[in-house]
Amino acid sequence: MAGTGTSPLNRAEQFIWLTARVLEQRRFAHHFLEGSADAVETALAAYLNEDGGYGHALEPDLRGPVSQPLHTAHALSVLDSIGRCDGLRVERICRFLTEVSTKEGALPALLPTQRGYPAAPFIPIVDDPPAELLTTGPVVGLLHRNAVWHAWLFRATDFCWAAVDALEQSHPYEIEAAIAFLDGAPDRARAQAVADRLGRLVRDQRLAVLDPERRAEYPVAAGYAPGEQHFPYDYARTPESLARHWFTDEELSRSLDHLAAEQQADGGWPVNWRQWAPGTALEGRPIVTLKALLTLRAHGRGLG
């Protein structure tokens, strides 16, 4: 029976049942209601294409059926969350990644096959898209963390190391991608050293709101929506992340208090990026809600 209480988890559950796609409903059930991983994987399979990639607006800001690296990265994160990032399913994904990689052996954000289908205006479609740490970093880190070994990983890993070593001026989403790579990179000593440097960069460039009550004093990155700021929990989604050491206990605690307080009256969390179509915002909120719940739980915050 669905929860009817007023705890944060009960209210989030009602929001999920009211608004979420089947995939997010199954993910919520798996993480919080002892639902099966098989059901999550079955729901995810609806987005799988014959080329081994994922499409069909799995990532809500990219519409249409065509496979895209961002969709496929999203699919990998779902498989990782249910302990299914292995075997033939990942072999098939890695073949797709190999086919769509740039000459550097890394992933572009968006393939030109998206042209003709609706897409967020802040994700440009170009004929010869460059390799991006934003796309490649989380995928490489996740595959390493799951002890996946595939020929695609060799050059992609080299690309990520070069990209994170070169970071001097950055923005929050790129830093998130960097830390996602570093959290899974096999060379732990090197990853720790780079993470320490990036932590100083985040603080020097004020890329994390360290005091939510003084949020207006922190800059919004160029091209971001008004209020599209990042907080310590955006980088340190779990206590085990290398980004956890970038922030004091007080700074992280304040940010988690802020995250908990962001739950809306309907039980869901808001999206803070630029909203360009009603359907994408509607589909995005359950994804953000799941991320918020999992982040709070990972840091030991009671959900009731």
Side-chain angles (χ1 to χ4, degrees), residues 21-23 26-27 37-117 119 123 125-164 176-178 180-187 287:
R21 304 180 297 189
V22 172
L23 176 59
R26 292 298 199 178
R27 290 183 63 203
D38 288 344
V40 177
E41 192 165 7
T42 298
L44 181 63
Y47 300 88
L48 178 63
N49 285 320
E50 292 181 0
D51 60 7
Y54 288 77
H56 306 279
L58 177 56
E59 187 68 37
D61 280 327
L62 298 177
R63 316 306 291 182
V66 293
S67 296
Q68 291 290 344
L70 286 173
H71 293 313
T72 305
H74 189 132
L76 275 170
S77 72
V78 172
L79 291 171
D80 176 55
S81 73
I82 61 173
R84 299 286 177 88
C85 195
D86 58 10
L88 291 177
R89 59 176 71 83
V90 173
E91 174 67 30
R92 178 179 57 202
I93 288 173
C94 286
R95 286 200 300 269
F96 169 77
L97 300 178
T98 302
E99 291 170 3
V100 302
S101 288
T102 66
K103 62 181 181 299
E104 297 90 352
L107 298 173
L110 191 61
L111 302 171
T113 51
Q114 184 66 35
R115 189 172 284 114
Y117 298 103
I123 309 177
I125 303 173
V126 298
D127 290 333
D128 188 20
E132 299 273 5
L133 177 63
L134 197 68
T135 317
T136 313
V139 170
V140 172
L142 185 153
L143 292 175
H144 279 308
R145 194 170 66 250
N146 283 275
V148 172
W149 286 104
H150 187 275
W152 177 79
L153 273 170
F154 290 99
R155 293 181 67 210
T157 301
D158 288 343
F159 170 85
C160 289
W161 279 124
V164 296
E176 282 188 36
F181 164 66
L182 295 171
D183 277 343
D187 188 339
I287 297 171

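Throughout, residue positions are numbered sequentially from 1 according to the sequence presented.
- Rounded to the nearest 0.5 angstrom, I93 CD1 and L79 CG are separated by 5.5 Å.
- A distance of 8.0 Å separates OG1 in T72 from CG in L58, rounded to the nearest 0.5 Å.
- Residues satisfying the side chain to side chain contact (heavy atoms under 4.5 Å, CB included) criterion with A131, sequence neighbours excluded, are T102, E104, A106, F159.
- Between F154 and W149, the two ring planes are tilted [angle within 30° to 60°].
- Interatomic distance, D127 CG to L111 CG, rounded to the nearest 0.5 Å: 12.0 Å.
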Side-chain donor-acceptor distances from residues 138-145 under 3.5 Å, at least two apart:
{"residue": "H144", "atom": "NE2", "partner": "T157", "partner atom": "OG1", "Å": "2.8"}
{"residue": "R145", "atom": "NH2", "partner": "D80", "partner atom": "OD2", "Å": "2.8"}

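- For the side-chain contact (heavy atoms from CB on, under 4.5 Å) with H74, the qualifying choice from L70, L76, V78 is V78, the only one to do so.
- Checked against side chain to side chain contact (heavy atoms under 4.5 Å, CB included), S67 has the following partners two or more places apart in sequence or in another chain: N49, D51, F96.
- R95 and E91 are joined by a salt bridge, as a carboxylate oxygen and a charged side-chain nitrogen come within less than 4.0 angstrom of each other.
- Within the model, atoms CD of E176 and CG of L133 stand 11.5 Å from one another, a figure rounded to the nearest 0.5 Å.
- The distance from atom CZ of R27 to atom CD1 of I82, rounded to the nearest 0.5 Å, is 9.0 Å.
- Among all heavy-atom pairs drawn from R155 and G105, the shortest one is NH2-N, 3.6 Å.
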